[in-house]
Amino acid sequence: MSTLTTTERVFDVKDLNLWYGDNLALKSINFPIHYNEVTAIIGPSGCGKSTFIKTLNLMINMIPGVKMSGEINYRGKNILSDKVDLVELRKNVGMVFQKGNPFPQSIYDNVAYGPRIHGLKKKQELDEIIEKSLIDVALWDEVKDRLNAPAMGLSGGQQQRLCIARALTTKPEVLLMDEPTSALDPISTSKIEELIFELKEKYTIVIVTHNMQQASRVSDKTAFFLMGELIELDDTTKVFSQPYDQRTEDYISGRFG
Amino acid sequence: MVTRTFFDNNLKELKEKVLHMGDEAKKAVILSMESLVEQDSDKAQAVIAGDNKIDHMDEEINEQAILLIAKEAPVATDLRKIIAALRVSSEIERIADMAVNIAKSTLHIGGEKYIKEIIEIPKMLEISLEMLTDSLTSFYAEDAHLAKKCAQRDDEVDEMYGRLIKELMGYIPQKPTATNQITQLAFVCRYIERIGDHTTNIAENVIYLVTGKNYDLNA
């Protein structure tokens with residue numbers, strides 16, 4: 001089915017099943033994720049896309065009653081069976097959510113949070129990391145004069161970029177984004193999308209989105225989930241021009257879902 | 001569950017407009033051939049005057065297609081339907097131009113008596129028009145098989161074209177005073193051969209629409 005080439009894989013998910021209690025929510029998912037690529041995950045509500053993305057840094061384990069079988073190989077190590085340092089895993093596999101969720105602290109302290117819990121104390125080093133992260137997300141110019149102001153005072157789009165900056169400070173390898181622009185206006189959305197283009201140079205990005213055009217614009221690969229199954233995973237250009245599966249075509253062309 | 005009724009209706013309407021435009025072009029070509037055979041300058045003038053209408057239809061199709069792309073953000077097959085409609089309408093527009101060219105040849109020949117009865121040229125046109133009808137049907141039905149079949153007939157047109165040109169050129173030494181008429185008739189053969197080519201292009205676009213692949217049916 002796939003024209004995917006085998007470049008190096010940061011994640012290699014094999015035959016992953018996931019149950020919420022008795023309910024099988026992910027069915028035998030095989031999903032390679034390649035370094036420095038943007039992979040978009042699309043599908044109707046309840047198809048398992050958010051569930052899937054949360055398995056990649058085991059955030060899913062915070063939900064009671066979740067059971068999994070199969071393999072999630074991260075850099076060659078199966079995080080489902082091998083002993084995993086969750087803090088280390090989540091440091092390497094960062095996550096950004098649908099709506100900006102800054103801590104009720106200053107802009108500075110929000111971004112400094114990650115490095116601090118990982119033991120960084122020196123003010124000068126922290127300053128550097130914070131400036132760099134905020135520059136990376138194109139927020140620096142907007143906030144440099146009010147770093148000590150409360151982060152909650154920022155606009156929605158700024159809050160989201162702040163959260164991305166916060167996720168970047170721990171130098172993750174992979175950035176998971178769960179509908180990062182669904183609560184944003186078009187300008188903020190295009191800023192985040194441009195950011196994704198830039199971040200791709202340094203990070204591997206997996207983005208869940210309901211916005212089909214966003215998927216087609218920002219991603220290299222697109223995956224289509226439906227009722228817990230991975231229906232199609234291929235180059236984005238292929239998926240949006242000649243999808244392999246009729247159900248994918250029906251979904252991307254807005255005929256169901 | 002169908003959720004894009006409005007869009008689907010618009011796509012269908014676009015297709016119908018292309019089909020309607022194709023019919024008008026076909027009528028123009030037939031009228032131009034009548035003008036040639038009957039040496040009827042009024043019919044020739046009617047073809048020339050009527051071309052505006054077909055050009056206008058082409059513009060309308062373009063505008064509607066662009067609007068649909070802008071408003072509906074079509075992907076995959078939907079997008080190809082619109083792109084194919086755009087391309088097919090411009091092929092039809094060219095076919096209508098060929099009708100104008102034939103009509104102009106009629107006017108150039110004027111009332112001059114033909115060197116022989118015009119029988120073969122309309123036959124050649126008949127094949128081209130059957131091809132055109134089939135290609136438009138295949139466009140409407142999204143039938144790649146019919147598209148391929150109709151394009152295969154272009155070889156018949158090409159073969160006839162070669163034969164007729166040779167025959168016409170053969171008359172020049174015998175009837176040097178009729179050189180203008182003979183040249184115009186050769187041009188007409190060329191225009192009909194071009195209609196076959198444009199029709200083949202329509203068929204190629206149908207295959208593109210259905211399969212997403214570009215296909216060279218002239219090869």
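First the proteins, then the strands, lettered A, B, ... as listed; each starts at 1.
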Side-chain donor-acceptor distances from residues 127-134 of chain B under 3.5 Å, at least two apart:
residue: S128(B); atom: OG; partner: M124(B); partner atom: O; Å: 3.4
residue: E130(B); atom: OE1; partner: R153(B); partner atom: NH1; Å: 2.5
residue: E130(B); atom: OE1; partner: R153(B); partner atom: NH2; Å: 3.4
residue: T133(B); atom: OG1; partner: K26(B); partner atom: NZ; Å: 3.0
residue: T133(B); atom: OG1; partner: L129(B); partner atom: O; Å: 2.9

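- By the 6.0 Å contact criterion, NZ on K17(B) is enclosed, its count of non-hydrogen atoms from other residues, nucleotides or ligands being greater than 12.
- A salt bridge links D78(B) with R255(A): at least one charged nitrogen is closer than 4.0 Å to a carboxylate oxygen.
- For a residue to count as touching a neighbouring chain, one of its non-hydrogen atoms must lie under 4.5 Å from one of that chain's; by this rule S241(A) touches chain B with the backbone only.
- Within 6.0 Å of the CZ atom in R87(B), the count of heavy atoms belonging to other residues, nucleotides or ligands exceeds 12.
- For the pair T77(B) and Q246(A), the minimum side-chain heavy-atom distance is 4.5 Å or more.
- Annotation for G254(A) and R4(B): closest pair O-CG, 3.1 Å, computed over non-hydrogen atoms.
- Smallest separation of non-hydrogen atoms from I252(A) and V75(B): O-CG2, 3.5 Å.
- Here the straight-line distance linking atom CD of E72(B) with atom OG of S253(A) works out to 11.0 Å at 0.5 Å rounding.
- Pairing each heavy atom of T211(B) with each of Q242(A), the nearest pair is O-NE2, 3.0 Å.
- In terms of heavy-atom proximity, A76(B) sits nearest to E249(A) at CB-OE2, 3.5 Å.
- Within a 6.0 Å sphere centred on CG of N9(B), other residues, nucleotides and ligands contribute more than 12 heavy atoms.
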Listing, residues 189-196 of chain B side-chain donor-acceptor contacts under 3.5 Å, not counting sequence neighbours, or none:
residue: R190(B); atom: NH1; partner: E193(B); partner atom: OE1; Å: 2.7
residue: R194(B); atom: NH1; partner: D197(B); partner atom: OD2; Å: 3.0

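- By the 6.0 Å contact criterion, CE on M227(A) is open, its count of non-hydrogen atoms from other residues, nucleotides or ligands being 12 or less.
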